[in-house]
Amino acid sequence: MARPTDLPAAQAVLLSCMVTLLMLHPCKAQPPSPGYYPSTMFRSLAFSEGYRALWGQPHQTLSPDGKSLTLWMDSSSGSGFKSTRAYRNGYFGASIRVQPGYTAGVNTAFYLSNSEEYPGYHDEIDMELLGTVPGEPYTLQTNVYVRGSGDGTIVGREMRFHLWFDPTAGFHHYAIIWNPDQILFLVDDVPIRRYERKTEATFPDREMWAYGSIWDASDWATDGGRHRADYRYQPFVSRFADLKIGGCAADAPPGCEPVPTSPSGSPAALGPRQEVAMRWAQRNSMVYYYCLDSSRDHALYPEC
């Protein structure tokens, strides 16, 4: 036990150690509680309950309990999976952990799409973890394509984030709530982006399937394509767990109610605490928003 006269020196040593640790592992600010946790409304599915392998099956491994999936990409292929049913609205979530180190060009995606049903004229709602180079953070890109805006001449509606945590250090839950009034993007139940239905032409309303994948997006994913996938570091591994789906399947009866986006039960509004949390996420973590990009032709984006 230190004598009273030794305490200042001991405290100085302790303070010095704490400062050193913070320099090595700086603490990041955390978002305020959103007060509403839609992920708790749905149970985790076994992979076979809601999904099937779509491509690159030799690059997939299912856990012994059947509830989590590991995908990897090497120079021969990436890999992907797809929901067994189409949906006209709903909650779609997955806990994802990505690989540290050199991952430039690697795209780990969880998204909704109908590209197989409407080739060349499809809708899509994306959450994509874009790989990086050592010392730089992953980027989470959210995006919406409507009726072919992701085909041919690309008209994307991107909002990008450097998240308040390290997505390589553990699993975090990424989710999309899509209903007739809005699309809500969430990370660990914190709403980070709200895309509202303002006109029919700018909102996806046809049935979609849920997908997950890992693929080579070297042409654009990391610093606009300046850093590409380097297969000396293969395989690139992403893990998916805690898969959740809830909502109205395409063949559900007309009375099927959309998943509420707020504690009030409304599919069209957010609660006050959700609004505060979303403003925090955008103020502290958003690094790009297409509506603020002066290089874009804003005639293509009436919703801005």
Side-chain angles (χ1 to χ4, degrees), residues 26 28-31 71-73 78 80 92-113 124-145 149-150 154-176 183-195 211-230 233-234 236-240 277-296 301:
K28 291 189 176 182
Q30 297 298 305
L71 305 183
W72 66 91
M73 182 182 91
F92 308 88
S95 292
I96 302 172
R97 183 175 185 175
V98 289
Q99 178 174 312
Y102 188 101
T103 55
V106 180
N107 185 330
T108 298
F110 183 68
Y111 62 106
L112 310 180
S113 178
E124 189 168 315
I125 303 170
D126 294 329
M127 297 188 83
E128 301 170 298
L129 285 160
L130 306 180
T132 188
V133 296
E136 296 297 327
Y138 266 79
T139 298
L140 174 66
Q141 174 166 282
T142 64
N143 203 355
V144 178
Y145 293 119
S149 67
I154 303 298
V155 181
R157 293 173 165 86
E158 304 91 345
M159 185 182 283
R160 302 183 190 120
F161 300 83
H162 288 165
L163 295 166
W164 54 93
F165 55 83
D166 178 359
T168 74
F171 283 94
H172 291 269
H173 201 72
Y174 303 85
I176 297 164
I183 299 162
L184 193 62
F185 298 87
L186 305 108
V187 178
D188 294 336
D189 285 317
V190 174
I192 61 169
R193 179 183 183 184
R194 181 185 186 192
Y195 182 87
Y211 293 80
S213 64
I214 184 171
W215 59 287
D216 188 334
S218 289
D219 287 346
W220 60 268
T222 307
D223 199 10
R226 188 164 71 91
H227 300 289
R228 303 181 65 83
D230 186 338
Y233 301 101
Q234 68 180 18
F236 301 103
V237 179
S238 296
R239 294 177 171 86
F240 292 76
M278 185 168 67
R279 286 196 297 270
W280 184 96
Q282 293 181 359
R283 183 175 64 251
N284 290 278
S285 296
M286 187 180 77
V287 294
Y288 177 83
Y289 179 37
Y290 74 103
C291 282
L292 302 179
D293 187 343
S294 60
S295 70
R296 294 286 184 102
Y301 305 103

Validation row: Leu140, Phe185 side chains within 4.5 angstrom (heavy atoms): no
Any Arg194 side-chain heavy atom under 4.5 Å of Ile183 side chain: no
Pairwise distance CG(Asn143) to CD(Glu158) - rounded to 0.5 angstrom: 4.5 Å
Value rounded to 0.5 Å, distance of OG in Ser285 from CD1 in Ile192: 8.5 Å
ring-ring contact (aromatic ring centres under 6.0 Å, His included) involving Trp215 - partner list, sequence neighbours excluded: none
Sidechain N-carboxylate O distance under 4.0 Å for Arg228, Asp219: yes
Steps toward side chain to side chain donor-acceptor pair (under 3.5 Å) verdict (His172, Ser95): CA-CA 5 Å; His172 291 269; Ser95 292; over 6 Å; no
Residue pair Phe165 / Pro137, side-chain heavy-atom distance below 4.5 Å: no
Closest approach of Leu186 to Asp189 (non-hydrogen atoms, all atoms of both residues): CD2-O, 3.5 Å
Contacts of type ring-ring contact (aromatic ring centres under 6.0 Å, His included), residue Tyr288, not counting sequence neighbours: none
Centroid-centroid distance, Tyr211 to Tyr111, less than 6.0 Å: yes
Nearest-0.5 Å distance that lies between atom CZ in Phe161 and atom CE in Met127: 8.5 Å
Derivation and outcome, side chain to side chain contact (heavy atoms under 4.5 Å, CB included), residues Met73 and Gln234: CA-CA 7 Å; Met73 182 182 91; Gln234 68 180 18; over 6 Å; no
For Asn107 against Ala217, the heavy-atom pair lying closest together: CB-CB, 3.9 Å
Heavy-atom side-chain proximity of Thr132 to Thr103 below 4.5 angstrom: yes
Distance-minimising heavy-atom pair for Leu130 and Ala221: CD1-O, 3.5 Å
Candidates Phe240, Tyr174, Phe236 - the one meeting side-chain contact (heavy atoms from CB on, under 4.5 Å) with Thr108: Phe240
Distance (rounded to the nearest 0.5 Å) between Ile176 CD1 and Arg193 CZ: 10.5 Å
Side chain proximity check, Val106 to Ile214, heavy atoms < 4.5 angstrom: yes
Full working for side chain to side chain donor-acceptor pair (under 3.5 Å) between Asp188 and His173: CA-CA 5 Å; Asp188 294 336; His173 201 72; over 6 Å; no
Nearest heavy atoms of Gly101 and Pro134, plus distance in Å: C-CG, 4.2 Å
Minimum heavy-atom distance between Phe171 and Arg97, given as atom pair plus value: CD2-N, 3.7 Å
Any donor-acceptor pair under 3.5 Å from Asp223 side chain to Gly225 backbone: no
Distance, nearest 0.5 Å, that separates OG of Ser149 from OH of Tyr301: 8.0 Å
Minimum-distance pair of heavy atoms, taken over all atoms of Ala281 and Trp164: CB-CZ3, 4.2 Å
Any donor-acceptor N/O pair, Asp126 side chain to Glu128 backbone, under 3.5 Å: no
Sidechain N-carboxylate O distance under 4.0 Å for Arg157, Glu124: no
Gap between atom CG of Leu129 and atom CD of Gln141 - 0.5 Å precision: 10.5 Å
Verdict with reasoning, Gln282 to Met159, per side chain to side chain contact (heavy atoms under 4.5 Å, CB included): CA-CA 9 Å; Gln282 293 181 359; Met159 185 182 283; 3.9 Å; yes
Gly105 backbone acceptor or donor facing Thr222 side chain under 3.5 Å: yes
